[in-house]
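Fair warning: this is a prediction, and the values are worked out from it, not measured in the lab. Atoms within each ligand, like the ligands themselves, are counted from 1 in listed order. Positions are given from 1 along the sequence. What's counted below: heavy atoms across the whole structure, side chains too, no hydrogens, waters or symmetry copies.
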Amino acid sequence: MGEIDEAFIQSIEHRPKSTTVDAQGIPVIDLSALNCQHCSSNSSSSVEDLIVQVGEACKNWGFFQVINHGVPSSCREKVEVASRAFFRQPSEEKRKVRRDETNSMGFYDTEHTKNVRDWKQVFDFTVENPTVVPASHEPDDVRLQEIVNRWPDYPPNFRGACEEYTREIEKLAYKLLELISLSLGLPAEKLNGFFKNQTSFMRLNYYPVCPFPHLALGVGRHKDSGALTVLSQDDVGGLEVKRKTDGEWVLVRPTPNAYIINVGDVIQVWSNDKYESVEHRVMVNSERERFSIPFFFNPSHTVMVEPLKELTSKQNPARYKPYNWGKFHTTRNISNFKKLDVENIQIHHFRI
Ligand code: OGA
Ligand code: NI
């Protein structure tokens with residue numbers, strides 16, 4: 001297999017360890033109480049219970065898994081099959097729908113996280129088509145841009161499978177958002193308005209077999225910058241989460257048919273640090289390729305992200321200055337596309 005391209009090599013302190021810790025403690029939350037059609041009188045107490053579980057998980061882990069979430073497994077399988085068929089093609093075919101500097105949707109295989117190249121290939125598409133975002137990251141440039149999805153010709157059902165799956169995941173994302181809102185003591189739909197004209201996108205991840213799994217990562221350590229991530233992973237495993245109690249990297253064991261949910265930076269800011277966005281990364285391995293599908297639930301580009309008034313007080317003043325989601329997102333996108341010499345923009349830059 002020869003030499004590894006040094007762009008992939010993680011510095012020593014960020015390389016995966018040879019032994020992994022299993023995260024037994026990452027909560028698995030059963031959402032069946034939400035889907036119950038003929039609810040009996042005690043169902044409201046089970047929803048109350050759910051809200052408590054979600055709140056605890058967000059506070060203690062920033063991560064949890066959900067089961068009985070209402071997403072049909074046939075719909076998930078269809079998109080998984082389509083994803084495998086797409087990535088199995090030769091690079092020339094995939095590059096026909098390649099991302100470029102003006103439209104960040106499509107195929108891409110040179111993403112960098114913290115300026116180290118990730119051992120993965122991705123295909124991105126947005127929920128809203130078109131999606132409106134700022135045209136540049138320059139603070140004074142008010143021009144907007146429409147991002148449109150690029151769809152490959154092969155496999156033939158790719159677009160249909162992706163769009164159908166997106167509608168289901170979006171429903172789940174709103175349910176989770178409402179539970180989170182309730183868990184913060186807010187009305188269920190308090191946060192929904194921020195997602196009108198959302199900039200959410202779905203990503204198909206493909207992590208090829210890697211001959212140097214001790215040197216490279218599928219995705220380097222990072223926090224998700226949006227509001228909420230809804231991730232499906234296959235049975236291979238590789239996602240690690242930084243445990244809040246001791247900073248240890250722990251593996252999220254694949255649970256069949258579950259979704260992994262994590263709070264992103266936007267919820268951290270809205271909740272004024274009550275719910276923190278937690279670092280995670282992806283290990284690769286030399287035996288099996290891995291596939292995953294995160295859905296990044298992101299607000300509209302117009303949203304100014306700041307601690308919610310209801311969650312701040314004299315005793316607990318806002319810890320962040322307001323920032324514009326659209327500009328933040330575009331700046332991040334550009335620095336993921338080009339290897340920049342500056343540190344990536346982060347929410348801690350807005351900390352008061
Ligand atoms: C991501 C991510 C995890 C995974 O794409 O932001 O964290 O398991 N992915 O692929
Ligand atoms: Ni992530």
All pairs passing salt bridge (Lys or Arg N to Asp or Glu O under 4.0 Å) where residues 306-316 contributes a residue, at least two apart: Lys190-Glu310, Glu306-Lys309
Polar contact flag, side-chain donor to acceptor under 3.5 angstrom, Tyr207-Gln121: no
Under 3.5 Å donor-acceptor, Gln89 side chain and Phe86 backbone: yes
His214 and Phe212 aromatic ring geometry - parallel, tilted or perpendicular at 30°/60° bounds: tilted
Nearest-neighbour protein heavy atom for atom 3 (C) of ligand 1, which is reported as residue plus atom name and distance: Val282 CG2, 3.5 Å
Thr229 and ligand 1 - part of the residue with a heavy-atom distance under 4.0 Å: neither
Option whose closest heavy atom lies nearest to atom 10 (O) of ligand 1, chosen from Phe291, Phe296, Tyr207: Tyr207
Aromatic plane relationship, Tyr323 with Phe328 - under 30° parallel, 30 to 60° tilted, over 60° perpendicular: tilted
Region of Lys223 engaging ligand 1 - heavy atom pairs below 4.0 Å: neither
Which residue and heavy atom of the protein sit nearest atom 8 (O) of ligand 1, plus the separation: Arg290 NH2, 2.9 Å
Contact atoms of ligand 1, heavy-atom distance to His280 under 4.0 Å: 7 (O)
Distance-minimising heavy-atom pair for His280 and Trp249: CA-CZ3, 3.6 Å
Quiz item: cation-pi between Arg99 and Tyr108, 6.0 Å / 45°: yes
Asp224 side-chain N/O to Gly226 backbone N/O, donor-acceptor pair under 3.5 Å: no
Contact check: Arg203 vs ligand 1, nitrogen or oxygen atoms, below 3.5 angstrom: no
Distance filter under 4.0 Å to Asp224 heavy atoms, resulting ligand 1 atoms: 6 (O)
For Pro294, atoms of ligand 1 separated by under 4.0 Å from a heavy atom: 5 (O)
Donor-acceptor side-chain pairing of Ser225 and Asp265 below 3.5 angstrom: no
Proximity flag Gln233 to ligand 1, non-hydrogen atoms under 4.0 Å: no
Metal-centred angle, the Ni ion (ligand 2) as apex - OD1 of Asp224, NE2 of His222, 10° resolution: 90°
Contact check, His222 vs ligand 1, heavy-atom distance below 4.0 Å: yes
Lys120 N/O to ligand 1 N/O under 3.5 Å: no
